[in-house]
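Notes to accompany the following structure.
Per chain, numbering begins at 1; letters A, B, ... match sequence-line order.
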2 protein chains.
Amino acid sequence: MSNLSTTADDILACTRSLIIAGGYHGFSYADVADVVGIRKPSIHHHFPSKVDLVRTLVARYREEARAGIAHLERNISDPIELLRSYTAYWEACITNASAPFCVCALLASELPVLPEEVALEVRAHFRWLSNWLASVLERGSHEGRLQLVTTPRVEAETFMATVHGAMLSARAYGDPKTFGTILNPLLDRLSARS
Amino acid sequence: MSNLSTTADDILACTRSLIIAGGYHGFSYADVADVVGIRKPSIHHHFPSKVDLVRTLVARYREEARAGIAHLERNISDPIELLRSYTAYWEACITNASAPFCVCALLASELPVLPEEVALEVRAHFRWLSNWLASVLERGSHEGRLQLVTTPRVEAETFMATVHGAMLSARAYGDPKTFGTILNPLLDRLSARS
DNA sequence: GCGAACCTACCTTCTAGTCGGTAGATCGTC
DNA sequence: GACGATCTACCGACTAGAAGGTAGGTTCGC
């Protein structure tokens, strides 16, 4: 067990689900303390300020996202299957309610009132994700495996926007199936009919 | 001037922009009081509680949306032009920064921690908007003016999700043009090539 | 003189964050 | 291997300020 400080991890995990539920201003140290089973000042011991806590959380979230995508890239070469795996991941997260929203997408809606350090990470995530999607779409287009209506860049922005919007609709309808209902036809359209 | 109580309107207008910036938990009565130029308790005179204020705001927002759509329907019959006018409206709001986000879309991201009375209005807005979009798409499809890849229902959900996601991306990139960049190709694709 | 609009003054609860301290593990060093 | 010194994780008690909200009074137009 290379398990340094389980408590800090617990705090981060708890913070993640609280942010997913209600954003930066939707939770307090007291909420975290209650769930983790620790006293409020002990959280300050691990994360001096709320900004520290959330910045660390988002940075770690981004690392996990990079690792997840790298793992997909290692195992899947077909561009359309990459996209399908990506959306399948989110479909699973939403269906089992483990993480029914992207942390960065949720925080992005609060951007104007977010501490700058957190805002920077959130913006960086959007750029990184759309860049990855654009690279996948471009490759798929070149290989003739994907049929794009416009440029890979624009198609990537559309894809990302649709994913985020589908998360929002799934939440608004209280129905996890909404996500797949929106994304599966989109993936089908991207698949080339040769 | 049939102008009953300008102050209440000022409070609502201010609350609207504050909510658009940071959601339900991202503003306080003190913030509203500062902007409107009034003392905090005076807001309670017009809106007894924060829930009252926000519920009223969302209800009025929905009325305006209904009126706006009714106005469009009265002046435009072509389905594709209806959709273009709808997105052009939002493009203008985002570009001039007057209202760079849909109140209900923003509140939807906070749904799990929203007071139930507000949550009900937000959910109702999603259903209403997607129903309108579905009706436009269905008519356009029947008239042969729109080419749908799937059912009007699913296409409407996709359209709405893309609009909301595009608002989010425009905010994340800090670039109003992002909205049009995403929506114009989508509208072009829906236009039937006869 | 009545009611709407607004005020000052106040309350309670919650907020992030601080302070000083303790129990226990780890440490170097003699 | 016994000794203090240091470090980590945590705690209770506390603070200043902000949160939503209340009580009671003033001002002003009808």
Side-chain angles (χ1 to χ4, degrees), chain A residues 1-19 21-58 60 107 110 112-119 121, chain B residues 1-60 107 110 112-119 121:
Chain A
M1 299 249 185
S2 61
N3 216 345
L4 331 119
S5 182
T6 311
T7 305
D9 293 339
D10 288 353
I11 292 169
L12 285 169
C14 169
T15 302
R16 179 182 296 213
S17 59
L18 287 171
I19 281 190
Y24 188 88
H25 296 282
F27 80 101
S28 74
Y29 267 42
D31 297 328
V32 178
D34 280 352
V35 176
V36 177
I38 214 177
R39 299 296 162 156
K40 222 178 32 166
S42 306
I43 303 175
H44 285 284
H45 169 73
H46 295 279
F47 305 96
S49 76
K50 194 178 183 181
V51 176
D52 285 309
L53 171 58
V54 178
R55 198 198 344 93
T56 306
L57 167 67
V58 177
R60 190 161 299 193
L107 289 174
E110 291 182 277
V113 295
L114 233 43
E116 191 52 32
E117 292 144 283
V118 177
E121 291 281 347
Chain B
M1 299 249 185
S2 61
N3 216 344
L4 331 119
S5 181
T6 311
T7 306
D9 292 340
D10 288 352
I11 293 168
L12 284 170
C14 169
T15 302
R16 179 182 297 213
S17 60
L18 286 171
I19 281 190
I20 286 171
Y24 188 88
H25 296 283
F27 80 101
S28 73
Y29 267 42
D31 297 328
V32 177
D34 279 352
V35 176
V36 176
I38 213 177
R39 299 297 163 155
K40 217 177 39 162
S42 306
I43 303 175
H44 285 284
H45 171 72
H46 296 278
F47 304 97
S49 77
K50 194 177 182 181
V51 176
D52 284 310
L53 171 58
V54 178
R55 200 201 339 95
T56 306
L57 167 69
V58 177
R60 189 160 301 192
L107 289 173
E110 292 182 277
V113 296
L114 233 45
E116 191 52 33
E117 290 144 285
V118 177
E121 291 281 348

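- Taking atom CG on A/Asp34 and atom C1' on C/dT15, their separation rounds to 14 Å, with Å as the unit.
- Between the CZ atom of A/Arg60 and the CD atom of A/Glu121 there is a distance of 12.5 Å, given to the nearest 0.5 Å.
- When the side-chain nitrogen and oxygen atoms of B/Thr7 are compared with OP1 and OP2 of C/dA5, none of them lie within a distance under 4.0 Å.
- In this structure, B/Arg39 places its CZ atom 16 Å from C1' of D/dT27, rounding to the nearest Å.
- Put simply, A/Ser49 has no side-chain N or O that comes within less than 4.0 Å of OP1 or OP2 on C/dA16.
- At least one side-chain nitrogen or oxygen of A/Ser28 sits closer than 4.0 Å to the OP1 or OP2 atom of C/dT15.
- Here the CD1-NE2 distance, from B/Ile38 to B/His45, works out to 9.0 Å after rounding to the nearest 0.5 Å.
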CA sep, side-chain torsions, deciding dist, call: A/Asp52, A/Ser49, side-chain hydrogen bond (donor to acceptor under 3.5 Å, both in side chains): CA-CA 5 Å; A/Asp52 285 309; A/Ser49 76; 3.0 Å; yes

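- For the pair B/His46 NE2 and C/dA4 C1', the computed distance is 9 Å after rounding to whole Å.
- The CZ-C1' distance, from B/Phe47 to C/dA5, rounds to 13 Å in whole Å.
- Nucleotide C/dT18 holds its C1' atom 15 Å from the CD1 atom of A/Ile43, rounded to whole Å.
- Residue contacts for B/Phe27: at a heavy-atom cut-off of 4.0 Å it reaches the sugar-phosphate backbone alone, with no base atom in range.
- The OG atom of B/Ser28 lies 8.0 Å from the CG atom of B/Asp34; values are rounded to the nearest 0.5 Å.
- Taking atom NZ of residue B/Lys50 and atom P of nucleotide C/dT12, one finds them 22 Å apart after rounding to whole Å.
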Could you walk me through whether B/Leu12 and B/Phe47 satisfy the side-chain contact (heavy atoms from CB on, under 4.5 Å) test, starting with their C-alpha distance in whole Å, then the side-chain angles of each, then the deciding distance to 0.1 Å, before giving a yes or no? CA-CA 10 Å; B/Leu12 284 170; B/Phe47 304 97; 3.7 Å; yes

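- Between the side chain of B/Lys40 and the base of D/dG20 there is at least one donor-acceptor pair of N/O atoms closer than 3.5 Å.
- Taking each heavy atom of B/Tyr29 and B/Ile43 in turn, the nearest pair found is O-CD1, 3.4 Å.
- How far CG of B/Leu18 is from CD1 of B/Ile11: 12.0 Å, rounded to the nearest 0.5 Å.
- Nearer to the 5' terminus of DNA chain C, by closest-nucleotide assignment, is the contact made by B/Pro41 (compared with the other of B/Pro41 and A/Pro41).
- Taking atom OH of residue B/Tyr29 and atom P of nucleotide D/dG20, one finds them 8 Å apart after rounding to whole Å.
- Along DNA chain D, the nucleotide closest to B/His44 and the one closest to A/Gly37 are compared, and the more 5′ of them pairs with A/Gly37.
- One can place OH of A/Tyr24 at 9 Å from C1' of C/dA16, the figure rounded to the nearest angstrom.
- One end of the helix from C/dT13-D/dA18 to C/dC30-D/dG1 points its axis 10° away from the other end's axis, with each axis taken from 5 pairs and the angle rounded to 10°.
- At C/dA5, one or more side-chain N or O atoms of B/His45 fall inside 4.0 Å of OP1 or OP2 (strictly under the cut-off).
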